[in-house]
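Following: one structure in structure tokens, then a few remarks.
Chain naming here is simple, since letters A, B, ... match the order of the sequence lines and numbering starts at 1 in each.
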There are 2 protein chains.
Amino acid sequence: MRSVTIKDVAVKAGVSTATASRVLSKHPSTSPAARNAVEQAVAELGFRPNAQARSLRKTTTQTIGLLLPDIRNPFFADLAHAVEQRARDFGYVTLFGNANENMEQQERYFDVMLSQRVDGLIAAPQGDRAGLVGILESGLPTVFVDRVIEGTGVPSISPDNRTGIRAAVAHLTGLGHRRIGYIAGPQSTSTGRERLQAYQEAIAASPADASPELVYLGDFQAASGAAGAHALLDLPDAPTALLAADSLMSIGAIGVCNERGISIGSEVAFVGYDDIEAFTLLNPALTVIAHDVDAMGRGAVEMLVDVLAGEPAQSRVLPSRLIIRGSTPELLEEVGP
Amino acid sequence: MRSVTIKDVAVKAGVSTATASRVLSKHPSTSPAARNAVEQAVAELGFRPNAQARSLRKTTTQTIGLLLPDIRNPFFADLAHAVEQRARDFGYVTLFGNANENMEQQERYFDVMLSQRVDGLIAAPQGDRAGLVGILESGLPTVFVDRVIEGTGVPSISPDNRTGIRAAVAHLTGLGHRRIGYIAGPQSTSTGRERLQAYQEAIAASPADASPELVYLGDFQAASGAAGAHALLDLPDAPTALLAADSLMSIGAIGVCNERGISIGSEVAFVGYDDIEAFTLLNPALTVIAHDVDAMGRGAVEMLVDVLAGEPAQSRVLPSRLIIRGSTPELLEEVGP
DNA sequence: CGTCATTGTGGAATCGATTCCATGGAATCG
DNA sequence: CGATTCCATGGAATCGATTCCACAATGACG
């Protein structure tokens with residue numbers, strides 16, 4: 001299946017490859033006659049330009065890379081969708097890589113993106129500068145989304161991790177909770193670190209119990225949410241409220257509560273992370289810390305387009321908000337025996 | 001940021017580009033001296049081969065395309081993950097496209113995949129042969145996954161849509177349900193068609209009511225699940241059980257039941273589609289028709305690899321099974337007044 | 001009516017890697 | 001020891017599109 005080249009088109013249209021190329025790229029200096037002949041030849045032969053050859057000659061590929069930690073996380077699935085649709089508006093195709101919350105696969109994909117000569121990269125990175133020297137030195141225009149790595153000078157669009165957590169802690173202490181268990185994200189990510197720090201600060205500034213046993217370090221995947229819920233609920237003085245730092249860990253933790261017959265809402269209050277649709281279906285529905293994923297994805301693409309145009313990009317932080325639902329009800333007065 | 005080419009490497013190592021290329025591609029005929037010199041030059045210069053140039057000369061790109069209808073559907077997110085990991089095992093990078101349940105975007109991505117000269121394509125297509133002539137005529141090695149288009153000769157790996165639905169209908173009629181509402185998928189997809197047909201056949205062969213008003217035609221997206229639930233529950237003689245043909249429509253429909261204060265399990269039985277984790281968290285947990293997504297994704301890649309090796313591929317159908325949970329309880333005897 | 005821009009065109013160079021072909025030197029064999 | 005194979009190597013062709021450059025034809029203008 002040797003494919004049709006521009007030479008075949010040129011021969012069929014009775015012009016040179018130069019003219020054929022000019023017609024195809026809508027160069028102004030082409031005669032109507034040549035245009036017709038070439039267009040007809042293209043249609044008849046089913047010619048499809050070879051993107052490899054084109055981008056070898058031009059320096060651009062009309063392709064952007066998108067590197068995400070876990071596509072099965074609904075938050076990132078939504079983000080991928082938003083990025084992809086917006087990139088499309090600008091005529092870019094998205095080359096997608098799934099790092100699987102794994103440093104090694106992340107590096108491998110950085111390599112692939114560089115080899116494929118993507119025009120720019122949108123990444124939700126993990127680790128520190130060390131793992132990114134390859135990308136940083138390459139000069140590949142890059143934007144961080146959701147997660148950030150400090151000291152790299154890479155512009156980013158990320159959620160305000162602190163206010164959401166603060167609002168959640170205030171909400172829970174306002175309801176009377178004093179032991180609030182926290183299932184944290186990995187400290188190799190900025191979101192994991194900032195959220196944990198915000199939790200610790202908010203707890204310290206509140207009447208709630210600040211003992212470290214109330215923090216479980218997870219890895220943003222469902223299994224660790226389950227493990228965290230077990231660990232926290234097994235404490236001699238179990239927390240009366242749980243807070244999880246992402247949606248997958250929330251799912252894992254809620255599963256464990258159900259398994260153990262601990263009723264969310266009445267027996268333990270629960271605040272989840274990310275407003276995924278399934279959380280509204282729970283009974284009671286889940287109180288969550290939510291972000292505008294769509295705005296984040298679109299914003300990342302727009303920022304990258306600015307960088308590609310040589311304009312200086314300003315990092316942005318998007319607000320989070322607390323959506324209060326049934327999983328964090330008013331605490332009932334305890335009735336004495 | 002002019003990037004480092006193999007010529008720079010060759011000059012630095014004091015050899016020709018031909019020798020440098022041989023070292024890099026591990027050609028046997030290279031001297032240890034040349035190998036060392038080239039490897040050192042590569043490391044010092046941070047050389048990264050240009051994938052465009054390479055695949056222009058070779059005929060292969062080490063890239064496969066993956067075209068899915070909607071990455072926000074957890075079923076397809078899981079599928080994407082499975083495909084991507086398995087492709088990685090074979091040394092392929094996955095170029096991912098999201099058709100957004102939309103024929104136009106699907107065609108656009110077929111175009112992109114052809115231009116990018118992916119070595120092969122895995123697609124969950126929609127529409128009929130007409131929309132695929134481009135791909136079919138191009139001779140691009142293709143495998144269908146989940147969805148199928150008949151009469152194309154393209155090998156496929158798909159779920160057994162019929163037995164799952166049959167089992168669900170049998171389960172519901174066995175519980176005593178006689179009016180079973182069905183929220184169907186779009187008839188432009190094989191899964192939508194086969195599941196609806198299986199529902200109709202199963203209903204016809206059962207004591208249940210076969211009136212067409214019990215079928216609502218959705219489009220595999222959450223909003224249509226919601227609309228379907230409203231329509232069915234608004235019927236003068238509302239169904240006592242609901243069955244939805246995919247996970248997003250299930251989510252939409254469950255949301256509507258909650259909104260209307262109709263308790264799933266006690267007031268209406270519900271069977272969802274696809275075993276996504278969040279469904280196990282519902283109270284009661286959802287009875288679902290489930291597939292082995294991981295096997296489907298891995299199988300698709302393996303099948304494509306076979307096709308690429310020139311071996312004839314055998315289409316496969318993977319079993320579905322009914323997982324019975326709390327949303328379809330024993331019907332209580334109605335107590336007379 | 002000559003000069004000068006403008007426009008459409010084709011030939012050939014180019015992008016960066018791979019690979020065919022020819023060559024010189026070393027190793028092997030009768 | 002001469003003939004032959006084998007190996008490592010460099011020069012040059014190649015993949016398919018774009019684009020620089022040169023040139024001819026046309027039109028505009030003083």
Side-chain angles (χ1 to χ4, degrees), chain A residues 1-39 41-42 45-63 111-112 114-119 138 140, chain B residues 1-39 41-42 45-63 111-112 114-119 138 140:
Chain A
M1 65 150 226
R2 208 191 65 79
S3 48
V4 181
T5 74
I6 199 171
K7 204 167 171 182
D8 302 325
V9 171
V11 168
K12 178 139 199 151
V15 298
S16 70
T17 59
T19 301
S21 172
R22 275 188 285 259
V23 170
L24 288 167
S25 54
K26 308 207 186 304
H27 186 97
S29 291
T30 49
S31 68
R35 238 170 293 157
N36 286 340
V38 170
E39 275 161 14
V42 165
L45 296 172
F47 170 70
R48 215 173 291 269
N50 181 319
Q52 263 74 38
R54 166 176 295 171
S55 50
L56 179 59
R57 184 65 233 263
K58 312 232 239 187
T59 36
T60 158
T61 55
Q62 288 302 101
T63 298
D111 242 58
V112 168
L114 285 172
S115 288
Q116 295 288 325
R117 298 292 194 271
V118 294
D119 290 345
S138 74
L140 177 66
Chain B
M1 64 149 227
R2 208 191 66 78
S3 47
V4 181
T5 73
I6 200 171
K7 204 168 171 183
D8 303 326
V9 171
V11 169
K12 177 139 199 151
V15 298
S16 70
T17 59
T19 302
S21 172
R22 274 182 215 115
V23 170
L24 288 167
S25 54
K26 308 209 185 303
H27 186 97
S29 292
T30 51
S31 69
R35 239 171 291 155
N36 287 338
V38 170
E39 274 161 14
V42 165
L45 296 172
F47 170 70
R48 213 173 291 270
N50 182 319
Q52 263 74 39
R54 166 176 296 170
S55 50
L56 178 59
R57 185 64 234 263
K58 312 233 239 189
T59 36
T60 156
T61 55
Q62 288 302 101
T63 299
D111 242 57
V112 168
L114 284 173
S115 288
Q116 295 288 325
R117 298 291 195 272
V118 294
D119 290 344
S138 74
L140 178 67

Which residues pass the side chain to side chain donor-acceptor pair (under 3.5 Å) test with [X], sequence neighbours left out?
| X | answer |
| --- | --- |
| A:Ser21 | none |
| B:Ser31 | none |
| B:Ser29 | none |
| A:Thr63 | none |

Tell me: [atom1] of [X] to [atom2] of [N], nearest whole Å?
| X | N | atom1 | atom2 | result |
| --- | --- | --- | --- | --- |
| B:Gln62 | C:dT18 | CD | P | 12 Å |
| B:Leu114 | D:dG16 | CG | P | 15 Å |
| B:Arg117 | D:dG16 | CZ | C1' | 9 Å |
| B:Asp8 | C:dA17 | CG | C1' | 13 Å |
| A:Leu45 | D:dG16 | CG | C1' | 15 Å |
| B:Ile6 | D:dG10 | CD1 | C1' | 13 Å |

Is there a donor-acceptor contact under 3.5 Å linking the side chains of B:Thr30 and B:Arg35?
-> yes
What residue pairs, at least two apart or across chains, pass salt bridge (charged side-chain N to carboxylate O under 4.0 Å, His left out) with a residue in residues 45-55 of chain A?
-> A:Arg48-B:Asp111
Keeping to residues at least two apart or across chains, list the salt bridge (charged side-chain N to carboxylate O under 4.0 Å, His left out) pairs with something in residues 10-33 of chain B.
-> B:Lys12-B:Glu44
Heteroatom pairs (N/O) under 3.5 angstrom, protein to nucleotides 9-15 of chain C:
{"residue": "C:dT9", "atom": "OP1", "partner": "A:Ser31", "partner atom": "OG", "Å": "2.7"}
{"residue": "C:dT9", "atom": "OP2", "partner": "A:Ser31", "partner atom": "N", "Å": "3.1"}
{"residue": "C:dT9", "atom": "OP2", "partner": "A:Ser31", "partner atom": "OG", "Å": "3.3"}
{"residue": "C:dG10", "atom": "OP2", "partner": "A:Ser16", "partner atom": "N", "Å": "2.9"}
{"residue": "C:dG10", "atom": "OP2", "partner": "A:Ser16", "partner atom": "OG", "Å": "2.9"}
{"residue": "C:dG10", "atom": "OP2", "partner": "A:Thr19", "partner atom": "OG1", "Å": "2.5"}
{"residue": "C:dG10", "atom": "N7", "partner": "A:Arg22", "partner atom": "NH2", "Å": "2.9"}
{"residue": "C:dG10", "atom": "O6", "partner": "A:Arg22", "partner atom": "NH1", "Å": "3.4"}
{"residue": "C:dT14", "atom": "O2", "partner": "A:Arg57", "partner atom": "NH1", "Å": "3.3"}

Dot-bracket line, read 5' to 3' along DNA chain C, where crossing pairs take [ ] and | marks a partner on another strand, Watson-Crick or G-U under 3.5 Å | ||||||||||||||||||||||||||||||
Output all residues satisfying side-chain contact (heavy atoms from CB on, under 4.5 Å) with A:Thr59, sequence neighbours left out; order by chain, then residue number.
-> none
